[in-house]
Enquirer: 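Handing you this structure, nothing more for now.
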Amino acid sequence: REETSDRERGRGAIGVSEKMTFTIPIENGNGVKNAEADSQRTLYPYVTGTSVVAIKYKDGILMASDMGGSYGSTLRYKNIERMKAIGKHSLLGASGEISDFQEILRYLDELMLNDNMWDDGNSLGPKEVHNYLTRVMYNRRNKFNPLWNTLVLGGVKNGEKYLGMVSMIGVSFEDNHVATGFGNHLARPILRDEWREDLSFEEGVKLLEKCMRVLLYRDRSAINKLQIAKMTEEGVTVSEPYSLKTFWDFKAFTNPTVGAEGSW
Amino acid sequence: VKTRTVFNIQKAKIGAPKRFGFSGLRTKKTPFSDLCLKSLEEEARRSRNNQRSRKMSSIGTGYDLSVTTFSPDGRVFQIEYAAKAVDNSGTVVGIKCKDGIVMGVEKLIASKMMLPGSNRRIHSVHRHAGMAVAGLAADGRQIVARAKSEARSYESVYGDAVPVKELSERVASYVHLCTLYWWLRPFGCGVILGGYDRDGPQLYMIEPSGISYRYFGAAIGKGKQAAKTEIEKLNLSEMTCKEGVIEVAKIIYKLHDEAKDKAFELEMSWICDESKREHQKVPDDLLEEAKTAAKTALEEMDAD
């Protein structure tokens, strides 16, 4: 329940508590049930982002995601940045519930702030952030109140590249190329065939664009407005949003129902 | 001085108050008096022994045993004693320059075994604010922790970095809180809080009494009088932080008493446009430059 996790995080601040929860017991036949206990658990996601695809390349990490937020089957928001820099060394991309992603960004912001305040020349690297996120996701899942996201965490620290993923049930692993959601099914096969250790920046971008184009054609919640983020030893750069060139003039698309089953 | 809830039963000292109607151990049957009676006898015995060995505290005798007691001339002695704890520590200097804040601490090294860079006296309280502590180090840690928590909670509620004025008021209230109850002793440390927000760079000083004022130059600790004179000589409105770092180093080196205290380590931090308005340690090369400049200035003075 939310209050417990607030206390666990040790928020001993004066004044306003963030979550004012009121316990209203409900008569439920045999026993009294806490109404608010159920309404506090995440049951379904509402505004979701679609896949994120990421690869390691020669100088670091490349990550691509589109900028759409779907409200069920409606593509409601078209300007959501689903990739954010975390500190100096990491890049986080998320698919799934956008509000949970924003909450995760707040946790990480606090984590990074506390890390900065030590002012001792050290800073948290991608491996540490990945581990932290895995703990957060897994513990929330154990309370049946998950953060409905699949997260991709990439980064470079001291020359070492790192790329990992955490899902909403706390499954976490590291790999040379990861993708979430539909990307797992559509993009990863392409990456398995065409990924190499020593991809240059241009080759990496081309590879990612190929994956994103396939997703654009086949994933209904993808939009043609994507960003590519680059993470190297120097830092993070997230590109400006741009669109991919698509081709819809295939003969079958011009008159799709010609020759279909039952047509004349 | 430890504060105790002691009802002074000494009749021998001139001017000793008859508080709560006690002169001797005559008991009035109030619920409170029953509780205190036993401890009173013990305390009376202990205080009588202590009073004999306490020489310099004759000014506050009788009125200085609890932070909830005013003296006849309107002072709360416990708070003044707490300020004395601050005056015994190494000097802390803070100045507000044109484009930021510079803070410096004269860290007296207790033992040669200590690693340089350990026992930080200047702490970051948030990205844009930092605190330098003088006095009892453990008390200072508590104040810094509280300030960090206040800054974090403000940001999580209002979505913006806490204005330095607001933060200093919250910290001052917290310090003041510990001067209101007999079961809490005042903090034995003073704090210089520097920050950079929308209204520009600001410097505040919070004393153990809970007072907080805004300054353009502040000093606490052993050499505070000398430091204040030196700061007043500077033209702060025209100075940049880079120059300020060198000036603060010069001041601290100047007022360090080689005879009384042994070695010291200079710890400095700044918040300025150069540090991207973030509180951080002064970069090592600038710190070295400041130290050499300070040492040469000292030698020139000695040569005169």
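Convention: sequence-line order gives letters A, B, ...; per-chain numbering from 1. These numbers come from a predicted model, not from an experiment. Keep in mind that the numbers below use all heavy atoms, side chains included, and drop hydrogens, waters and symmetry copies.
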Enquirer: Return yes when atom NZ of K242(B) has more than 12 non-hydrogen atoms of other residues, nucleotides or ligands closer than 6.0 Å, and no otherwise.
Expert: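 No, NZ of K242(B) has 12 or fewer neighbouring heavy atoms, counting only those of other groups under 6.0 Å.
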Enquirer: Exactly one of K281(B), H123(B), E278(B) should register a side chain to side chain contact (heavy atoms under 4.5 Å, CB included) with D119(A). Which one does?
Expert: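 That would be K281(B).
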Enquirer: Are there more than 12 heavy atoms of other residues, nucleotides or ligands under 6.0 Å from atom NZ of K291(B)?
Expert: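 Above 12, so yes.
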Enquirer: Would one find more than 12 heavy atoms of other residues, nucleotides or ligands at under 6.0 Å from atom OH of Y213(B)?
Expert: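 Open.
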Enquirer: Would you indicate whether F173(A), at its atom CZ, is surrounded by more than 12 heavy atoms from other residues, nucleotides or ligands within a distance under 6.0 Å?
Expert: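 Yes, enclosed.
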Enquirer: Which atoms of H126(B) are under 4.5 Å from chain A, going by heavy atoms: the side chain, the backbone, both sets, or neither?
Expert: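 Both the backbone and the side chain of H126(B) come within 4.5 Å of chain A.
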Enquirer: Mind checking the CG-CZ spacing from D120(A) to R120(B)? Nearest 0.5 Å is all I need.
Expert: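 Here the interatomic distance stands at 8.0 Å.
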Enquirer: Is there a side-chain contact between S156(B) and R106(A) in this structure, where contact means two heavy atoms from C-beta onward sitting under 4.5 Å apart?
Expert: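 Yes; the side chains approach each other to less than 4.5 Å.
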Enquirer: If you count heavy atoms of other groups shown closer than 6.0 angstrom to CZ of F264(B), is the number above 12?
Expert: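 It does: F264(B) CZ has more than 12 such atoms within range.
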Enquirer: Are R127(B) and D109(A) close enough for a salt bridge, meaning some N to O gap below 4.0 Å?
Expert: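 A salt bridge links R127(B) with D109(A).
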